[in-house]
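Naming: A, B, ... by sequence-line order, numbering from 1 per chain.
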Number of protein chains: 2
Amino acid sequence: MMKGAIEKNPLFSGLDDNECEDALAALSAIKQEYAKGAVIFHAGERMYRFGLVLCGTVQVSFTDIDGNEILMASADAGDTFGESLCWLKVAEAPVTVTASTDVTLLWLTPELLMSGDTRKIVQELRNRFLSMLAAKTLSMNERVQILSKPTIRLKLITFLSQYANRYGSKTFSVPYDRETLARYLGVNRTALSRELSAMQADGIIEFYKNSFKILK
Amino acid sequence: MMKGAIEKNPLFSGLDDNECEDALAALSAIKQEYAKGAVIFHAGERMYRFGLVLCGTVQVSFTDIDGNEILMASADAGDTFGESLCWLKVAEAPVTVTASTDVTLLWLTPELLMSGDTRKIVQELRNRFLSMLAAKTLSMNERVQILSKPTIRLKLITFLSQYANRYGSKTFSVPYDRETLARYLGVNRTALSRELSAMQADGIIEFYKNSFKILK
DNA sequence: CCTATTCCGTCGCAATTGCAACAGAAATTA
DNA sequence: TAATTTCTGTTGCAATTGCGACGGAATAGG
């Protein structure tokens, strides 16, 4: 049913049905559903489990020192959130997770991965969990790369190039509305619209809603 | 000798001498020295080992699509670099590592951590390696938090607050010169100097070279 | 089909920033 | 010590961006 989303996740991809069941059991998987807008996790609590999104989209925002909310990531089907805070047993997690749409997700507990359990599936999961974290680090590098660019245009070009690379095509759509994209890029929404229009006028890109085409 | 730097690193902290030796052996540690300015790792190669800085400072810069160099991190004694790229066996690592000062470092190979080796020390290292990656993710969150701020002043306040938190004091010094700090914050150097002066005039901070004091 | 709501682009203006040129301080080297 | 190089702060100006207000398009709900 939700098999698709699970398979997309590097923790489970390529496992056969039995292995998958064992893996879910080893992680004490619990399914839960949230309505659009619901708060999935409150900042300030400890994150005992991390989340794997089965369907829908969640937003992870960081509550900073002044109480402002900064969009850290949005997780779609197959994506996870909260692994680091969970693994490190951070007492007061500084992130809030909310449902952008109706959401179904699995809560997973990495407790067994920390133990000396030598079952094959547990060892495999340990390795995969590690790979997942490593991949997350690299994807955050990409975010930093974008945010470091001096102008909105360069941020957009970098962002769009990254997407084009990931999709292997110069035509693609992104899972953000303008407001969310602006926050992801760290810029003002209307300034973003202005720049998108300018880039289209300059013949650099074409776009319709969330679909983009890089002309270059 | 360099024991201090090693102990600062979460992979080795708290291990006794024997364990430490075993750990270094398990990671096939090799010591190497570089002169100031030397290139420690070239972008485009595969990173078979990750680095642990024993003394000195290295800079990790990201080479983006246009060939620009973006400062991703600077690693001091006890810090590591390249774990993610190494673990994921990325064929063409997109980072360049250079020596900001004369540098001594250990090259470490995580190969054994990927195996089914069940020796206690290896299991321990696996867990610690994981924690290290998780911690890196969180510290990158802090960087993103800074870069997401709309103005130089807010970036600085966020950056300085993070440092004050880490040191547990409102007086501290940072390991960056102005040029490097500007690149870390993603802003223009002279604009940074201008804003620092303005903040001092406004009674928010005091600073002398790389020493800062938050007055608030 | 109509209405309310959300989403998106445009515009003018003020504020912030990048940039280039420059000068003095500090550190390094001869 | 003198000379050279590096680092840092200042300033004027142009370019970019943030912000608020607005209107039209798209969407959702009845």
Side-chain angles (χ1 to χ4, degrees), chain A residues 35-37 56-57 59 66 68-71 74 98-102 146-159 173-202 204-212, chain B residues 35-37 57 59 66 68-71 74 98-102 146-160 173-202 204-212:
Chain A
K36 175 175 177 173
T57 304
Q59 289 202 355
D66 320 318
N68 299 327
E69 300 250 314
I70 296 171
L71 176 67
S74 81
T98 55
S100 301
T101 64
D102 286 348
I146 292 172
L147 291 171
S148 298
K149 298 287 176 179
T151 64
I152 296 183
R153 178 168 297 209
L154 284 173
K155 284 179 174 148
L156 270 169
I157 290 176
T158 306
F159 171 76
S173 44
V174 303
Y176 304 113
D177 61 21
R178 286 288 181 283
E179 174 65 35
T180 309
L181 177 58
R183 284 204 284 159
Y184 183 80
L185 301 180
V187 301
N188 178 275
R189 180 190 65 81
T190 67
L192 171 60
S193 279
R194 181 201 291 149
E195 193 59 34
L196 278 172
S197 298
M199 289 171 70
Q200 191 161 49
D202 291 350
I204 299 177
I205 61 169
E206 279 176 6
F207 68 96
Y208 173 71
K209 297 192 182 185
N210 303 329
S211 300
F212 293 87
Chain B
K36 174 174 178 175
T57 304
Q59 288 202 357
D66 319 318
N68 299 326
E69 300 250 312
I70 297 171
L71 176 68
S74 81
T98 55
S100 301
T101 64
D102 286 350
I146 292 172
L147 291 171
S148 298
K149 299 286 180 182
T151 63
I152 295 182
R153 178 168 296 208
L154 284 173
K155 283 178 176 150
L156 270 169
I157 290 176
T158 306
F159 171 76
L160 295 172
S173 45
V174 302
Y176 305 114
D177 61 18
R178 287 285 181 284
E179 174 64 35
T180 309
L181 178 56
R183 284 204 283 160
Y184 183 79
L185 302 180
V187 302
N188 178 276
R189 180 190 65 81
T190 68
L192 172 60
S193 278
R194 180 200 291 149
E195 193 59 35
L196 278 173
S197 298
M199 289 171 71
Q200 191 161 48
D202 292 349
I204 299 177
I205 61 170
E206 278 175 6
F207 68 96
Y208 173 70
K209 296 192 180 183
N210 303 329
S211 299
F212 293 87

For [X] and [N], give me the distance from atom [atom1] to atom [atom2], rounded to whole Å.
| X | N | atom1 | atom2 | result |
| --- | --- | --- | --- | --- |
| B:Arg183 | C:dG18 | CZ | C1' | 16 Å |
| A:Lys36 | D:dA28 | NZ | C1' | 9 Å |
| B:Leu192 | C:dC19 | CG | P | 14 Å |
| B:Met199 | C:dT17 | CE | P | 11 Å |
| B:Arg153 | D:dG18 | CZ | P | 18 Å |
| A:Glu179 | C:dT5 | CD | P | 19 Å |
| B:Asn188 | D:dA15 | CG | P | 16 Å |
| A:Gln200 | C:dC8 | CD | P | 15 Å |

For this session: Indicate the ring-plane relationship of A:Phe159 and A:Tyr176, choosing parallel, tilted or perpendicular according to the 30° and 60° boundaries.
Result: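 Judged by the thresholds at 30° and 60°, the geometry between A:Phe159 and A:Tyr176 is tilted.
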
Test item: [X] and [Y] side chains (from C-beta on) under 4.5 Å apart, heavy atoms:
| X | Y | answer |
| --- | --- | --- |
| A:Ile204 | A:Arg153 | yes |
| B:Leu192 | B:Lys155 | no |
| B:Phe212 | B:Leu196 | yes |
| A:Ile157 | A:Met199 | yes |

For this session: Would you indicate what A:Leu196 reaches in the nucleic acid, counting non-hydrogen atoms under 4.0 angstrom: base, sugar-phosphate, or nothing?
Result: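 Counting heavy atoms under 4.0 Å across all strands, no contact is made by A:Leu196.
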
Exercise. Taking the side chain of B:Phe207 as heavy atoms from C-beta outward, which of D:dG18, D:dG9, C:dT17 is closest to it?
Worked result: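 So the nucleotide nearest the side chain must be D:dG9.
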
Problem set entry | Side chain of A:Thr151 (C-beta onward), nearest among D:dT17, C:dC8, C:dG18 |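 Nearest to the side chain of A:Thr151 among the choices is D:dT17.
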
Heavy-atom donor-acceptor pair, [X] side chain to [Y] backbone, under 3.5 Å:
| X | Y | answer |
| --- | --- | --- |
| B:Thr101 | B:Thr57 | yes |
| B:Asp102 | B:Ala35 | no |
| B:Asn188 | B:Thr190 | yes |
| A:Arg178 | A:Lys209 | yes |

For this session: Map A:Arg178 and B:Val187 onto DNA chain C by nearest heavy atom, then report which one ends up closer to the 5' terminus.
Result: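 The residue closer to the strand's 5' end, by nearest nucleotide, is A:Arg178.
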
If you restrict it to nitrogen or oxygen atoms, what contacts under 3.5 Å exist between nucleotides 11-14 of chain C and the protein, and what is each distance?
residue, atom, partner, partner atom, Å
C:dG12, O6, A:Arg194, NH2, 2.9

Scan nucleotides 23-27 of chain D against the protein and return all N/O pairs shorter than 3.5 Å with their distances rounded to 0.1 Å.
residue, atom, partner, partner atom, Å
D:dA26, O3', A:Lys209, NZ, 3.1
D:dT27, OP1, A:Lys209, NZ, 2.6

Problem set entry | Rounded distance (nearest 0.5 Å) linking atom OG of A:Ser197 with atom CZ of A:Phe207 |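 CZ of A:Phe207 is found 4.5 Å from OG of A:Ser197.
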
Exercise. From A:Ile146 CD1 over to A:Leu156 CG, what is the distance, rounded to the nearest 0.5 angstrom?
Worked result: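 Reported to 0.5 Å precision, the distance equals 9.0 Å.
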
Problem set entry | Quiz item: A:Arg189 side-chain donor-acceptor pair to C:dG9 base, under 3.5 Å |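 Donor-acceptor pair under 3.5 Å: yes.
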
For this session: Check each of B:Leu185, B:Leu181, B:Thr180 against B:Leu71 using the side-chain contact (heavy atoms from CB on, under 4.5 Å) test, and report the only one that passes.
Result: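 Considering B:Leu185, B:Leu181, B:Thr180, a side-chain contact (heavy atoms from CB on, under 4.5 Å) with B:Leu71 is found only for B:Thr180.
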
Exercise. Taking five pairs at each end, how big is the angle between the two axes of the helix from C:dC1-D:dG30 to C:dA30-D:dT1, to 10°?
Worked result: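 Both end axes considered, the difference amounts to 60°.
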
